[in-house]
Amino acid sequence: MNVLIVESRKELGGLWSRHLARLGATVTVALTEDEATGHLLDSPTDIIVLDLVLNEGSAIAVADFANYRRPEAKVIFVTNTSFFSDGSIFQLCSNACAYLPSATPPADLAAMVEHFGQPDPR
């Protein structure tokens, strides 16, 4: 499973990456919108863990680009804010599959990635 983590906080992205690597995932961490879209241009991606609030760039732009370039990739949004707490992220981004607080335990996030990152049985 190929995972892209888009998280401005390098330490948090690294923590999530280590948990996913233990499950056998191939993980890339991008700190900005530009890094994330560059990765999506060149690399297969099954699932994206995407912080809604990036220091550089727009998470919605990353999700939109992923929907165009890697339509099979699902997006797990994470945030430490109340943005989209009404669930409207699922109407805005058709590739959204989950919405979690950034404080979700890494093992739980890894389980969500493993679940949603599996190929569609259809």
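For the pair A98 and F116, the tightest heavy-atom approach, listed with the atom from each and the gap, is CB-CE1, 4.0 Å. Between L4 and A30 the shortest heavy-atom distance is CD1-CB, 4.1 Å. Closest approach of A107 and H19 over heavy atoms only: N-CD2, 3.8 Å. Shortest non-hydrogen contact noted between K74 and C97 is CB-SG, 3.8 Å.
Using a distance-only test at 3.5 Å, with no hydrogens or angles considered, a donor-acceptor pair links the side chain of T37 to the main chain of E33. Counting only distance, with no hydrogens or angles, the side chain of R70 and the backbone of A66 share no donor-acceptor pair below 3.5 Å. A distance-only check finds no donor-acceptor pair linking the side chain of S43 to the backbone of L40 [under 3.5 Å]. Remark: the backbone N or O of L31 is paired with a side-chain donor or acceptor of E35 at under 3.5 angstrom.
In this structure, CZ on R69 lies 10.5 Å from OG1 on T45, to the nearest 0.5 angstrom. Taken from CE in M1 to CD1 in I47, the straight-line distance is 7.5 Å, to the nearest 0.5 Å. Note that the CG atom of L15 and the CG atom of L20 stand 9.5 Å from one another [nearest 0.5 Å]. Atoms CH2 and CG, on W16 and L109 in that order, are 6.0 Å from each other to the nearest 0.5 Å. Distance check, rounded to the nearest 0.5 Å: CD1 of I76 to CG of N95 gives 11.5 Å.
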- Task: Would you sort out whether I5 and V27 count as a side chain to side chain contact (heavy atoms under 4.5 Å, CB included), showing the intermediate values?
- Result: CA-CA 7 Å; I5 297 172; V27 183; 3.7 Å; yes
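For N67, the side-chain hydrogen bond (donor to acceptor under 3.5 Å, both in side chains) test picks out S94, with sequence neighbours left out.
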Scan the side chains in residues 48-64 for donor-acceptor partners under 3.5 Å anywhere in the protein, sequence neighbours excluded, and list what turns up.
| unit_1 | atom_1 | unit_2 | atom_2 | d |
| --- | --- | --- | --- | --- |
| D51 | OD1 | V53 | N | 3.0 |
| D51 | OD2 | R9 | NH2 | 3.3 |
| S58 | OG | I60 | N | 3.3 |
| S58 | OG | A61 | N | 3.1 |

